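Below: the structure, in structure tokens.
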Amino acid sequence: GFGTHGHKDMEIVSYVLDGALAHRDSMGQVATIRPGEVQRMTAGTGVMHSEFNHEAQSTTHFLQIWLLPAARGLTPGYEQKAFDEAERRGRLRLVVAPDGADGAITLNADARLYAGLLDGAETAQVALAPGRLGYVFVARGQLSLNGQLLREGDGAALSDEPLVSLAHGAGAEVLVFDLAG
């Protein structure tokens, strides 16, 4: 894990794939993040925090996404929410958004993050408005993105694409970003 350290003026999103991530911070938050849960920490004017494997007998595998905030000097903040498998199965579930739309975690940045689980004939799509950028990351398994095969660990950046179309999943867990251009 990472001992106590500081961050400033960042939006930090953690997404746990396996195991459990323990979190402590200078805002008084003490939490454990498990698979299916998403955490957002606004570092703003400054936060000290630590994160480490919560269960010594198992491995914790997680993704941490750093985004530039919409403004500098924000008040530090924390939010965590669970999105069960049924909400992500065969679709792209909005999990992080600037306006907290559809029950997503609120983000202080012009970005949306979707999470999905796809197998077999399941398909999912998300439209990208003109001028927006997309980024697709396959956290596990494989799938096709707009007809292109992606495997575990692959990422794909999209520009001038109106649609992110995912199909032919084989044990796929995917994150899709809708980003300012």
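Only a predicted model underlies this, so the values are computations on that prediction, with no experimental measurement involved.
A donor-acceptor distance shorter than 3.5 angstrom exists from the side chain of N146 to the backbone of S165, with no hydrogens or angles considered. A donor-acceptor pair is defined here as one N or O able to donate and one able to accept, closer than 3.5 Å; such a pair exists between the side chain of N53 and the backbone of S58. Side-chain atoms of R132 come within 3.5 Å of backbone atoms of D178 as a donor-acceptor pair (strictly under, hydrogens ignored). Remark: the backbone N or O of G171 is paired with a side-chain donor or acceptor of D119 at under 3.5 angstrom. Put simply, the side chain of E37 never gets that close to the backbone of Q80: no donor and acceptor are under 3.5 Å apart. In this structure, the side chain of E11 does not engage the main chain of L68 through any donor-acceptor pair within 3.5 Å.
Y114 is linked by a side chain to side chain donor-acceptor pair (under 3.5 Å) to nothing, counting only residues two or more places apart in sequence or in another chain. For Y135, there are no side chain to side chain donor-acceptor pair (under 3.5 Å) partners, not counting sequence neighbours. Taking the side chain to side chain donor-acceptor pair (under 3.5 Å) definition, one finds that S26 meets it with nothing, sequence neighbours left out.
Each of F83 and F62 belongs to its own hydrophobic cluster when Ile, Leu, Val, Met, Phe, Trp and Tyr are linked at side-chain heavy-atom distances under 4.5 angstrom. Under the 4.5 Å side-chain heavy-atom criterion for grouping Ile, Leu, Val, Met, Phe, Trp and Tyr, L175 is not connected to L143 through any hydrophobic cluster. Linking Ile, Leu, Val, Met, Phe, Trp and Tyr residues whenever their side-chain heavy atoms come within less than 4.5 Å places V136 and L128 in a single cluster. Both V13 and L133 belong to a single network of hydrophobic side chains, linked directly or stepwise wherever heavy atoms of I, L, V, M, F, W or Y lie under 4.5 Å apart.
The minimum heavy-atom distance linking G36 with R88 is given by the pair CA-NH2, 3.7 Å. Contact detail for I105 and E79: the closest heavy-atom pair is CG2-OE1, 3.5 Å. Across all non-hydrogen atoms, the minimal contact from G100 to T106 is CA-OG1, 3.7 Å. Here the shortest heavy-atom pairing between V96 and A104 reads N-CB, 3.7 Å. Nearest heavy atom pair, residue P98 against residue A109, reads CG-O, 3.3 Å. L118 approaches G90 most closely through the heavy-atom pair CD2-CA, 3.7 Å.
Annotation: the span from S144 atom OG to L166 atom CG amounts to 7.5 Å, rounded to 0.5 Å. Taking CG from L17 and OG1 from T59, the interatomic distance works out to 12.5 Å, rounded to the nearest 0.5 Å. Distance check: Y15 OH to I33 CD1 gives 13.0 Å after rounding to the nearest 0.5 Å.
By the 4.0 Å N-to-carboxylate-O rule, D102 lies too far from R112 to be salt-bridged with it. A salt bridge is absent between D84 and R93; no separation between the charged side-chain nitrogens and carboxylate oxygens falls under 4.0 Å.
No side-chain heavy atom of T42 sits under 4.5 Å from any side-chain heavy atom of P76. Put simply, the side chain of L158 reaches to within 4.5 Å of the side chain of L145, judged on heavy atoms. The shortest side-chain heavy-atom distance between Q64 and M41 does not fall under the 4.5 Å cut-off. Proximity of F177 to I65: side-chain heavy atoms (C-beta onward) are separated by under 4.5 Å at one or more points.
Under the side-chain contact (heavy atoms from CB on, under 4.5 Å) test applied with L92, the options L113, L117, V174 reduce to a single match, V174. Of the options Q29, E51, Q39, a side chain to side chain donor-acceptor pair (under 3.5 Å) to H23 is made by Q39 and by none of the others.
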Check against side-chain contact (heavy atoms from CB on, under 4.5 Å), V30 and R24: CA-CA 5 Å; V30 177; R24 296 178 197 269; 3.8 Å; yes

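Applying the 6.0 Å contact sphere to CZ of R151 captures no more than 12 heavy atoms from other residues, nucleotides or ligands. Within a 6.0 Å sphere centred on NE2 of H7, other residues, nucleotides and ligands contribute more than 12 heavy atoms.
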